[in-house]
Chemist: 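This is the structure, below, for whatever I ask next.
Below, read A as the first sequence line, B as the second, and so on, with proteins coming before strands; counting in each chain starts at 1. Predicted model only: the values in this text are computed from it and were never measured.
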Amino acid sequence: MPELPEVETIRRDLAESIVGSEIVAVKILFLKTAKNDAAFFVKALINHKIEDIGRTGKLLSLKIKQKKGETENLYLLVHLKMTGQLILTSKSKKIVGGHSLNEHSFESSVGGELPNRHTRAIIEFKNGDKLFFNDLRKFGYLKIVDELEFKKIIVAGYGPEPLSPNLSVKYLTAKLKNKKKNIKAFLLDQKMIAGLGNIYVDESLFLAKIKPMRLAGSLKLIEIKSLYLAINKIIKKAIANRGTTFNNYVDSSGRKGNFSRLLSVYGRGKLPCLKCKKALVKTKLAGRGTHYCDYCQK
DNA sequence: CCTTGTGTTCTCCG
DNA sequence: CCGGAGAACACAAG
């Protein structure tokens, strides 16, 4: 499940590899993956270079360099949702980003069999590099938008980035005030904070010592401060560790993300809490599997 | 049955 | 009855 740190890792890897590269071929293998008219989609990309790669929350935005005579900035948006991958292959080495569901699909991806049965689109570059968009569950998408629509999507759908100054104790205090939903649902809401998903929400709440079912509006200032610091610390550390390999994420050198071994509660079921040694609790909240310590979190 | 990110739809409440 | 908030569902496949 790629969340902010995983998507950021992919962004950084791709930025080093394909910015400045020219697209020479575009293949859509599953029509619904590309949200535009197929002919427009291909035409907008082909014979164009990638100028820059951005990220908002879990959404990647590849800026398409204008050609002479073109007046409109276009962006290729990529959302991986739960099982999307972006895998770049080149003749000399394989550069991989994204999540595989299991060892088997990882092997089939990296072992040289691309495209595979989950490949939904392929973008080929002049230098021979190929970018594969794989997505087992077909939730992810590629979409080309102009500057206006891009801005609309960002403004309407995304709150501040966790590591930006726009996310502050002051901002959180204002947004949490009188909120009647639980803090877990609040943190999962991309309009409140961009980029947190199930893993980092559970981890942040554990570090902040706050129970996930607490009503958002019930947090005291000292708890809001603690939550703010926890989110900051967790996201920074996860990016530094190139994300969480819960399944089989690997980076451009073929290494796995290192944050999985640093998880405190996510995926640890009823194992002993790392702090108090009592059994962790796994339940369902906001429609999601939820992990916490009933003793350490208040 | 379980897994989850997000867009859409439904329901509730003041 | 309206608006908004929040919950629930839809999507998809292994």
Side-chain angles (χ1 to χ4, degrees), chain A residues 1-8 10 29-35 55-61 77-86 98-109 116-121 133-143 145 149 152-159 161-162 174-205 212-218 235 238 243-249 260 263 265-270 282-291:
Chain A
M1 289 68 74
E3 302 177 28
L4 190 157
E6 292 75 36
V7 178
E8 175 62 14
I10 293 167
L29 282 67
F30 179 72
L31 203 56
K32 282 167 72 179
T33 289
K35 295 294 182 185
R55 177 193 58 73
T56 307
K58 304 163 193 168
L59 183 67
L60 282 171
S61 50
L77 304 183
V78 181
H79 204 303
L80 300 171
K81 293 287 179 90
M82 280 113 68
T83 57
Q85 309 176 307
L86 278 177
H99 276 247
S100 308
L101 206 61
N102 53 47
E103 196 76 38
H104 179 71
S105 68
F106 169 73
E107 289 298 334
S108 69
S109 291
N116 63 29
R117 55 196 297 244
H118 302 308
T119 302
R120 310 304 178 191
F133 180 78
N134 295 341
D135 187 18
L136 185 149
R137 287 177 197 169
K138 298 178 179 172
F139 274 21
Y141 63 82
L142 309 177
K143 186 178 186 181
V145 296
E149 190 174 356
K152 268 190 202 166
I153 290 170
I154 301 306
V155 170
Y158 296 92
E161 285 281 319
K175 288 293 182 184
L176 288 166
K177 197 175 182 187
N178 298 328
K179 271 276 186 317
K180 289 189 177 68
K181 63 168 144 182
N182 61 60
I183 187 65
K184 167 137 188 176
F186 175 90
L187 294 174
L188 286 171
D189 187 347
Q190 301 300 294
K191 293 183 196 64
M192 295 299 119
I193 303 173
L196 300 184
N198 209 26
I199 296 174
Y200 296 112
V201 165
D202 280 4
E203 291 298 312
S204 297
L205 286 170
M213 58 286 295
R214 284 277 300 285
L215 284 187
S218 77
I235 294 297
T244 298
T245 296
F246 203 69
N247 302 305
N248 261 297
Y249 170 83
S260 350
L263 293 173
V265 288
Y266 186 88
R268 296 195 67 244
K270 293 175 183 172
K282 183 176 178 193
T283 181
K284 195 154 188 162
L285 192 67
R288 299 290 175 253
T290 298
H291 318 70

Chemist: From the set dC11(C), dT3(B), dT6(B), return the single nucleotide nearest to any side-chain atom of Arg137(A).
Modeler: dT3(B)
Chemist: Does Glu3(A) reach the main-chain N or O of Gly197(A) with its side chain, forming a donor-acceptor pair under 3.5 Å?
Modeler: yes
Chemist: NZ of Lys58(A) versus P of dG7(B): gap in Å, rounded?
Modeler: 10 Å
Chemist: Tell me which residues in residues 186-197 of chain A put a heavy atom below 4.0 Å from DNA chain C, sorted by number, or none.
Modeler: none
Chemist: Which is it for Val78(A) and Ile10(A) under the side-chain contact (heavy atoms from CB on, under 4.5 Å) test, yes or no, and what are the steps along the way?
Modeler: CA-CA 11 Å; Val78(A) 181; Ile10(A) 293 167; over 6 Å; no
Chemist: Would you find a donor on one side and an acceptor on the other, under 3.5 Å apart, between the side chain of Arg120(A) and the backbone of Leu31(A)?
Modeler: no
Chemist: Between Asp135(A) (CG) and dC11(C) (P), how many Å, whole number?
Modeler: 16 Å
Chemist: Taking atom C1' of dT3(B) as reference, at what distance in whole Å does atom CG of Asp202(A) sit?
Modeler: 14 Å
Chemist: When the distance from OH of Tyr141(A) to P of dA12(C) is rounded to whole Å, what number comes out?
Modeler: 16 Å
Chemist: Return the set of residues passing side-chain contact (heavy atoms from CB on, under 4.5 Å) with Asp202(A) (not counting sequence neighbours), or none when no residue passes.
Modeler: Lys184(A), Asn198(A), Val265(A), Tyr266(A), Thr290(A), His291(A)
Chemist: Specify the separation, in whole Å, of atom NZ of Lys81(A) and atom C1' of dA10(C).
Modeler: 11 Å
Chemist: What is the separation between atom NZ on Lys35(A) and atom P on dC11(C), rounded to the nearest whole Å?
Modeler: 12 Å
Chemist: What nucleic acid atoms does Gly157(A) come within less than 4.0 Å of, heavy atoms only: base, sugar-phosphate, or nothing?
Modeler: nothing
Chemist: Has the side chain of Gln190(A) got a donor or acceptor atom that lies under 3.5 Å from a matching backbone atom of Gly57(A)?
Modeler: no
Chemist: Of the candidate nucleotides dT3(B), dG5(B), dA12(C), which contains the atom at the shortest distance from the side chain of Arg288(A)?
Modeler: dG5(B)
Chemist: Taking salt bridge (charged side-chain N to carboxylate O under 4.0 Å, His left out) as the definition, give me every residue that meets it alongside Glu161(A), ordered by chain and number, with sequence neighbours left out.
Modeler: Arg55(A)
Chemist: Looking at Thr119(A) and Asn116(A), would you say the former's side chain and the latter's main chain have a donor-acceptor pair under 3.5 Å?
Modeler: yes
Chemist: Applying the 5.5 Å / 30° rule, does Phe139(A) stack onto the base of dT6(B)?
Modeler: no
Chemist: Please measure how far the P atom in dC1(C) lies from the corresponding atom in dT9(B), and state the result in whole Å.
Modeler: 22 Å
Chemist: Rounded to the nearest angstrom, tell me the gap between atom NZ in Lys284(A) and atom C1' in dC9(C).
Modeler: 12 Å
Chemist: Extract from the structure each pairing of a protein N or O with an N or O of nucleotides 2-7 of chain C at less than 3.5 Å, listing the distance.
Modeler:
from	atom 1	to	atom 2	distance (Å)
dG6(C)	OP1	Lys180(A)	N	3.0

Chemist: Would you indicate what Lys282(A) reaches in the nucleic acid, counting non-hydrogen atoms under 4.0 angstrom: base, sugar-phosphate, or nothing?
Modeler: sugar-phosphate
Chemist: Which residues pass the side chain to side chain donor-acceptor pair (under 3.5 Å) test with Arg288(A), sequence neighbours left out?
Modeler: none
Chemist: Considering only dG14(C), dG5(B), dT6(B), which nucleotide approaches the side chain of His118(A) most closely?
Modeler: dG14(C)
Chemist: Calculate the interatomic distance between Leu59(A) atom CG and dT6(B) atom C1'; express it in whole Å.
Modeler: 11 Å
Chemist: Going by side chain to side chain donor-acceptor pair (under 3.5 Å), name the residues that satisfy it together with Ser218(A), two or more places apart in sequence or in a different chain.
Modeler: Arg214(A)
Chemist: Do side-chain atoms of Lys58(A) reach the backbone of Leu196(A) as a donor and acceptor pair under 3.5 angstrom?
Modeler: yes
Chemist: Between His79(A) and dT6(B), is there a side-chain N or O to OP1/OP2 distance below 4.0 Å?
Modeler: yes
